[in-house]
Structure formats: structure tokens, C-alpha cells
Amino acid sequence: MSEPLAPQYNPAAIESDLYRWWMERDVFAPAARGTPYVIMMPPPNVTAVLHMGHGMNNTIQDVLVRFERMRGKAVLWLPGTDHAGIATQNVVERLLAKEGITRFDIGREAFVERVWEHVRETGPTILDQLKAIGCSPDWERTYFTLDDDLSRAVREVFVRLYEKGLIYRGHYIINWCPRCLTALSNEEAEKEDTDGKLWYFRYPLADGSGHVTVATTRPETMLGDTAVAVHPDDERYRALIGRELRLPVVDRLIPIVADDAVDPAFGTGAVKVTPAHDPTDFDIGKRHSLPSIDVMTPEARMSLAVPERFQGLDRYEARKRVVEEFEAAGLLEKMEPHRHAVGHCYRCDTVVEPRLSEQWFVKMAPLARPALAAYREGRLRFVPERRGDEYAQWMENIRDWCISRQLWWGHRIPVWYCERERCARIVASRTDVLSCPDCGGPVRQDEDVLDTWFSSWLVPFSSLGWPEKTADLARFYPGDTLVTAPEILFFWVSRMVMSGCEFMGDIPFETVYMHGTVRDTQYRKMSKSLGNGIDPLDVVEQFGADALRYTIVAGSAVGTDVILDPNDIITSFAPGRNFANKLWNAGRFILSNLEGPTRPLAGAAKNVVRRDELSLADRWILARCEAAVVEVTEALERFRLNEAAASAYRFVWSDLADWYIEQIKPRLYGDQPGGDVARAVAAQTFDVGLRLLHPVMPFITEALWKKFPGRPAEASISTSPWPGSDRRAQDADAVRRFGLVQELVSAVRQIRAEYGVAPGQTVRAALGNLGPDARESFITELGTISRLAKVSDLQFGESGERVGGHAVLTDGTGVFVPLGDAIDVERECSRLGAEIERLLQLITGQEKKLGNRQFTAKAPAAVVERERDKLASWREQHEVLARKRALLGCGNA
RNA sequence: GGGCGAAUAGCUCAGCUGGUUCAGAGCGCCUGCCUUACACGCAGGAAGUCGGGGGUUCGAAUCCCUCUUCGCCCACCA
């Protein structure tokens, strides 16, 4: 060992050095041989700054990856960043705004160059932050979705789908963000329930013979109404079908049409039809050949198509004015509060406007079919299972994907238009088109870029070199696990399955593990805008990366969210920090005691520790260790990361540190023989504990593991083998016997505490009614008992004394601690009384249960047997206590 | 409007196939300890009608129904 370890673990002092060492040792790269295990990291946005969501997502992936790496798999965890079209463009536009300019001032080319500059500068930030929390992806393979090769894959995919007829251009109602000035996909328009109003407007019949009342939540769109629709079977309106209305405010004649899409039960049963501003109305308009009047500009101001007094007004101002005019004209019938879902831009939260425009779409139904089949046939699995229903539901109701964005930052749509009007050829091409292939005329490329997700849905293969047939692609596709937040199930996960099926003929991963969301104590999602976030790097600084990771993992039960209190990060992260410190000190103790002669526990060596040299405590801790190995391994295999952490925690802290280390001290100090055996067992079990914890707490486990004497300097716990289960270590006998020793020690401690025996004061103890294993076990561990319970004299057999504290162990052994005058007889009597009362209740209940013929007849024999044993044991305990009580001369309680 | 999840100690949560982990952990709280690995610690303790009600069962925190409260996903009733 180079230098003594400080008594308090200081993560900051070791983490960055260890990380650098891992990088130098290249431990994150997949092994040249072995079964691959592949996880595609959800690429963070290139402008992103690490938040708790990333922290959780990547910690979970890192746990799985480190686990599989230790299990000998050739692990590829592939990192990358997403160019994040809208988000990144917004960031740079804001920077420009600070200089008082817009992207239009500098033009497309200069703007894109500007974004590149920004991205080159800030791009590595989030990846570096992942390093700070200990993530171990293969950095050598890091990609960026705008890299040349990934861009090539994007074009390849676009052209293939275009040629297959699965990409088309069309004039439809899409979701439009008036702030970002671009179309959005359905998924990008987040529906939020919003309190709005429902206005009832009267539209007079053209001949003045009355009116029809329509209800609307968006009065401003009435300026673009081109009809009123009613249900064909609606008796109320049947006579009016085909007649004309005089549209108020704009003074235009519009027809009354009949259409099945109208729900007679809603509102008045008559609906105003605005084909340019509502998808349903658009369909109605098409069916009835109605004109479309686009009443808004891209910025959601009123266009030149409306009366002059409204032109240029913001949509909400226009809404107000329209309502006012209706009211003034006596045509506002009423107004009701109305709660309904309103779409919001997922990037800037602006209310999206349904807008008629020319966009590119992907026809999704053919792509969804195999992706849905993969799930139905069980090839694609979700953890937790119920998440699969959401996936299936989305696939079943799939709608075409609007992929064009009116942005400058992104993959430009690889489509060129011949500028000669009589040719007007449209060509989609893998390479840039310079002139029209038909007429040789000049061409211009489509101005729009593709949805960011159009590049990320290809990542499972594009990041491996597709469309080239690379070695990586052959080896690492398909992958294994996808770890993700529920938010991007449809944006990313579902679409990756579709693209995998379409272009690779196979699903890209077989398990989708969906973890929860990080929320505050009011169950609000942590977010920058709410100001309720916790900066993971802050936590790393204060408590260490391992404490951060431990907290995240311990809180991540399958299918549940992680709740953290941003106002009290100590409460959240101290347990992890404390545990790390515990590990550190256990390590300090064990390692500093490993310097004496040691012998291996197993193996081919001559001087291997023989089984008969193991003490009861040795066999016990080895059995507990074995149990921990099995529990942690199974838990990780089942994605129960929190249980894996809890199991390892219990083993290291409660078993190894609290009991075993205490037990072996005399042997280590040479007060008792067998120091070499204790050292061997302690070293091995601690080594196993470190390895079990390494996926969750990589830094501290590596630091301690490296310090073991004789460890080769270049060895890393990251690539050391995962502890295997060894059934020979299972030892029910040792577990039961040492368990009795623990019980006895606790019983005496309890009595001492109860009666306020001074800490340094030793006591005597008498044992009666000893169970079959008890005597032998207590003799074996006499030293342990006397040290840990401060017992000076352990007597086997009833004590003649009357006054003292007592307890009964689970095997019926009676423990009596004579306390002479120190004892408060009355207090002990009342304690006894309470205990007897409790037992009597248990016994009565149990007798009733066993007396019930239904139970004895119907319950399995083993269960009945167990219940009988319980009753016998309670009766025995009751007897012992009653005897004690009589001895003490207690009155009737 | 349809679908799904959650409710367990003061707080944050485990508790998987009904019965040996069955009422648990950590934090907080109370008592006592600077015991030569660790006070970020050690030992002991108090604390819960397992959201309400009903049912199935020999037996329910666990299964079913229902109600309440929170949360999520989907949905073109304007």
C-alpha cells in the first residue's frame, strides 16, 4: 500500500484520477472477444447541460453495463449527441438576439456556421459531465447525429422510403409553432388540459329568416369560416341543410352542409367549419369542396385574408375583438367555461396553431406492422411490462409522421426541384443534385430540414456505420437493452424499432427498460423552468459520484418515479455518502490488517485454508456472502437495481462490518489463533462485496480494490470477474447457529440498555432451557459474546438469583442477567407482565387458528406444521417468563 | 372521453407467486456511548387500523369490487 488511507472518504480526491486511469487502461471499449452486450445511450441534446434526468438515465445504463462487463460480455455502450434541431437553433437564436440580430439578418449559411461554432464549443460539455458521474461508454465511438456518416444514413433512408412510396409531400393541417416558426409532429405538440371558454355565436340565415348558433373555443378562426356543418340525421337542422348563412363580422355567405363528423350532442350540434385551421374542418372542407381561407400568418397574427381592422392582430387580441363584435351585434348567445386539451410546443411551450401547409410525411402504417408484431410475439419486451401497452396502443393508432421542419439547423431534405415550370421534376437523391436529370435545367434544393428524430431513429445502426456493411454493424446489431425515460417512448424508442425492422430486418434491442422520472416532493418533474432541479454535479462535488449514483439506484424501484427534495439535498444524498464512508473505513480496517501471513481460501495452492479450519463466524459470513451474490445477481438480471443495492448494502454494513469485523478482531490482533484464516475470509468477502457494489459505486470500489496486497498494478475491478455463486458456501447450519449468537448478544445489550448498566461495566449471564444447537454455538463464540455484550461470565444452567433482566431467544433459550441491587424489581415485573400478555395473545390467536378445522384441513401440511411449531415455541417462552416472574416475586400484573 | 399507475412509520420508500423475512429499510426523533476502521459512527428505543368501505378465502398490505386523493399516457366533441 502506497500511503495510509484517511479516516474520512474524500471522493473529490480520487474520482477524476480514477476516471483518467480507466480511460488510459481503455476499460470501456468492448473486449475483442466474447458475447456482445449493447446499449445505445439516448443521445443527449448537444446543447444540453446535465440534469437529474440524464443522471438517472445514464447511471442506470452504467450499472447494467458495468455488471455485464464484469460478467465477461463484450460490452458496447455507445454514446453520442443529438443535433436537436429546434432546441439548438433556439439557443443560438437567443444568443443572436442578445446582439440585437436575428437569423434572417445574417442568412442561412452564416447562421448554420454560427450554430456549428456554438456546438463545437459546448458540444462536449454534457459528455464530460457524464464522465464526472462515472459513466463508462465507449468514448472512441462517440457520434454526433450531423456527422457525415450519420448524415449519409439519413439520406439513404430518406431516398429509400421515398422510392418505396413511404415518404410523400402533401398539403395538410399540421401542428405549427408560431414562435419557432416550424411545423411539428403530433408527438412534438404536447396536449395540456387548459381552462378555456366556449362561445356561442349566432350566424344569421342569409334570407333573414333566423339564425344558427355555433359553439367555438377559438372565435378568431371564424374569420376563415367557409361553412357551418350539421349532422345529416339531426332533425333540428335537417331543413336548413343547403341553405346559406351570412357570416357576421366578415359579411360572407357560407353554406350549411351535412357531415357525419359532427357530433350532434356537443355544443349546439352545428359547427363552424374553418378548413385552414382545424384538422376535422379540413376533412369536412375536402368532402364538400369548401374553400380554405388561411387567416393567420406564420407568427399567428391575422393575415391579409381578414377584414382590415383585424389584420396584423395577434390571435388572442383578434379573439377578443371578434367576441366584442359579436356581442355588440347581439349575436353572442352565451359563453361557458370549457376545459379542453390544447397543444403546446415541446420546445418552447407556445400554444401550437393547427395550420394548413405543404409538408413532408412518412407513411407509418407499413412500418408499424412489423414493430407491433415484434411486441405481440414477445420478441420485444418492456420492463415494466405495462409500458408495452402504451407502445402497442401507439402503434395501432399510428399516424403519418410530419418530418419537415422550417428550420436551418439540421439535415436538409435531400429533394431537388427542377425550376423549369414545364418540367417541374422532383428528385430525391443520395448525392447533391446539380441539374435536372430530365431536362438539364437548374434545380433548387428543398429549403426545409428534417425532424431531429429522423436521424435519431436510425442510431442503432447508423452509429455502427450503416449503410456500409461494417464489422461493428455485424457484431453489435441487434443490441440488447434500451434504457429510457418514458417521455421519449414515441419520439425515439418506437421509431427505432420501426427503422430497425425496415432497414435491418430485425428489432434493434430486445428489452426496453423504462425508468421513472425524477420529481420533487410535490411530484413535479424536475426542470430548469420550475427551478426545482438538483444539479448532479453539485451533488458530485458535495457527496461524490458514488453517493449520487447510490441514491438514484436505491430510489429506482421498477416502474416508480424517484422523489428528491431540492431543498434538502443532504437528506437525499447523505445515506449514499455515509455508506461510501462506511465502505472506506471497513476497507481501511481490513486492508491494514492484511499484512500478516495469509493463505488462500480456495484454489490449487498447497496451503489453502481447509474447511475444518473455518470458525462458525467464518462459515456464517461466507454463507451470507454467497446469499448476497445470488441476490444481487438475480436482482440486476431482473432490472431490480434498488434491490441489488439494498442487498449489497445489507451484506457489507450489517453483516460484514457490524458483526464479522467485530468478531475477528481478537484473531487479527493475535489474541486468538487463526488470524490467517480470518484474514483470508475477510479479504475474500470484502473483495466480493466491492465487486457486487462496483456497478453502483464504481469509484470507491475501484479505489479500495486496487489497494489489496498483491494486486497487479494494472488490474481494474471494472474488468475483474463478477462473483460467481458457490453453492458449497451455503450453510444453513452456520446461519442458524451464528444467528443465535447474534440474538444472545442483542438480548444482553437490550437488558443492559433497559436497566441503564454503565457502558464499561461487565455483567454475568445465565442461560437456561438451552436449545439443541445453542450450547455448542455459545461455547464456540464465547469470546465474541463476552466482548460484544460485555459479559464477564456466561453460566450454562439456571441462575439461583432472582433479581435481573431476562430474555428468551427464538429457540426457547432463556437468558438471565443478574443485576443484584442495580435492578428495579417493579420495573422488571411490569416489563415481564407486558411480555407475558403479548405472548398470551399470540398463543390464544394461534390456538384458535389451529383449532379451526377448516384451516388444518385446507391449508398445506407444511404451513400447518409451521404454525404448530410457532405455538409450541410461544408456549415455551411463556412458561419461562412465568417462572421468572414467580422467582422475582412479582404480584399479579 | 378511454386506458394505466400510486396511496404502508413524521419524511422518502421496499414488501415480487396470499401463509417464515410480514408489518420492513434509510432519514428524522428519543436514550446511552469520542469502545484503538468509521460520530458520515456504535448500541438500544418509541413510532404504522398497510387511503375508506365492501367482498373472495381456513387465512389478505398482497386477489376482486367500489369510493376518495394524487400522478401518467392516449384522444380531431368544435
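Just so we're clear, the structure is a prediction, and the values are computed from it rather than from any experiment.
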Note to self: What I'd like to find out is whether the side chain of A:Leu184 reaches to under 4.5 Å of the side chain of A:Cys402, using heavy atoms alone.
What the structure shows: no

Margin query: Would you say that A:Leu198 contacts A:Phe266 through its side chain, given a criterion of any heavy-atom pair below 4.5 Å between the two side chains?
Written below: yes

Item checked: Proximal nucleotide (of B:G19, B:C38, B:A75) relative to the A:Asn581 side chain -> B:C38

Item checked: Distance, rounded to the nearest Å, where A:Glu743 contributes CD and B:G44 contributes P -> 13 Å

Checklist line | Nucleotide nearest A:Ser746 (side chain, heavy atoms from C-beta), chosen from B:A78, B:G44, B:C58 | finding: B:G44

Next item on the list: Answer with base, sugar-phosphate or nothing: what part of the nucleic acid does A:Arg638 contact at a heavy-atom distance below 4.0 Å?
Entry: base

Check: Hey, is the side chain of A:Glu390 pairing donor to acceptor with the base of B:C74 inside 3.5 Å?
Finding: no

Note to self: Under a plain distance cut-off of 3.5 Å, with no hydrogens placed, do A:Lys272 and A:Thr221 share a side-chain donor-acceptor pair?
What the structure shows: yes

Next item on the list: May I have the distance from A:Leu583 (atom CG) to B:G41 (atom C1'), rounded to whole angstrom?
Entry: 14 Å

Notebook entry, point to check: B:C38, B:C16, B:A14: which one has an atom nearest the side-chain heavy atoms of A:Lys582?
Noted result: B:C38

Note to self: Please classify the nucleic acid contact of A:Leu564 as base, sugar-phosphate, or nothing, using heavy-atom distances under 4.0 Å.
What the structure shows: nothing

Margin query: Base of B:C58, side chain of A:Arg853 - is there a donor-acceptor contact under 3.5 Å?
Written below: no

Next item on the list: Please determine, for the side chain of A:Ala586, which listed nucleotide (B:G71, B:A37, B:U35) has the closest atom?
Entry: B:A37

Margin query: Tell me whether the NZ or CZ atom of A:Lys665 lies within the 45° cone about the ring axis of A:Phe589 and under 6.0 Å from its centre.
Written below: yes

Next item on the list: Name the nucleic acid region contacted by A:Phe490, choosing base, sugar-phosphate or nothing; use a 4.0 angstrom heavy-atom cut-off, strictly under.
Entry: sugar-phosphate

Notebook entry, point to check: Does the side chain of A:Arg387 come within less than 4.5 Å of A:Leu489's, by heavy atoms?
Noted result: no

Checklist line | Sugar-phosphate only, base, or nothing, as touched by A:Ala859 at under 4.0 Å among non-hydrogen atoms | finding: base

Notebook entry, point to check: Which comes earlier along RNA chain B counting from the 5' end, the contact point of A:Thr216 or that of A:Tyr9, where each point is its nearest nucleotide?
Noted result: A:Tyr9

Checklist line | A:Lys665 vs A:Arg218, nearer the 5' end of RNA chain B by closest nucleotide | finding: A:Lys665

Next item on the list: Figure out the CD/P separation between A:Glu643 and B:C16, and round it to whole Å.
Entry: 9 Å

Check: Can you check whether A:His340 has a side-chain N or O nearer than 4.0 Å to OP1 or OP2 of B:C76?
Finding: no

Note to self: Any strand counts, and the cut-off is 3.5 Å on both contacts for Watson-Crick or G-U wobble. Which nucleotide pairs with B:G18?
What the structure shows: none

Next item on the list: Let me know the distance between OH of A:Tyr346 and P of B:C73, rounded to the nearest Å.
Entry: 15 Å

Notebook entry, point to check: Side-chain N or O of A:Ser572 less than 4.0 angstrom from OP1 or OP2 on B:C11?
Noted result: no

Checklist line | A:Glu188 side chain to A:Tyr346 side chain, donor-acceptor N/O pair below 3.5 angstrom | finding: yes

Margin query: Is there, by distance only and without an angle test, a donor paired with an acceptor across the side chain of A:Glu662 and the base of B:A43 below 3.5 Å?
Written below: no

Margin query: Using a 4.0 Å heavy-atom cut-off, does A:Ala341 contact any base of the nucleic acid, only the sugar-phosphate backbone, or nothing at all?
Written below: base

Notebook entry, point to check: Do A:Asn532 side-chain atoms and A:Lys525 backbone N/O form a donor-acceptor pair below 3.5 Å?
Noted result: yes

Note to self: Distance alone, cut at 3.5 Å: any donor-acceptor contact between the side chains of A:Tyr203 and A:Asp225?
What the structure shows: yes

Between the protein and nucleotides 25-33 of chain B, list every N/O to N/O distance that falls short of 3.5 Å.
none

Next item on the list: To the nearest Å, give me how far apart CZ (A:Phe589) and P (B:C42) are.
Entry: 14 Å

Next item on the list: Would you classify A:Arg749 as touching base, sugar-phosphate or nothing, given that sugar-phosphate means primed atoms plus P, OP1 and OP2, and contacts are heavy atoms under 4.0 Å?
Entry: sugar-phosphate

Next item on the list: Would you indicate which nucleotide in B:A75, B:C4, B:A78 comes nearest to any side-chain atom of A:Arg399?
Entry: B:A75

Notebook entry, point to check: Are A:Arg679 and A:Leu668 close enough that some pair of their side-chain heavy atoms sits under 4.5 Å apart?
Noted result: yes

Notebook entry, point to check: B:G15 phosphate, OP1 or OP2: any side-chain N/O from A:Arg640 under 4.0 angstrom?
Noted result: yes

Next item on the list: Establish, with yes or no, whether the OP1 or OP2 oxygen of B:G45 is under 4.0 angstrom from a side-chain nitrogen or oxygen of A:Gln750.
Entry: yes

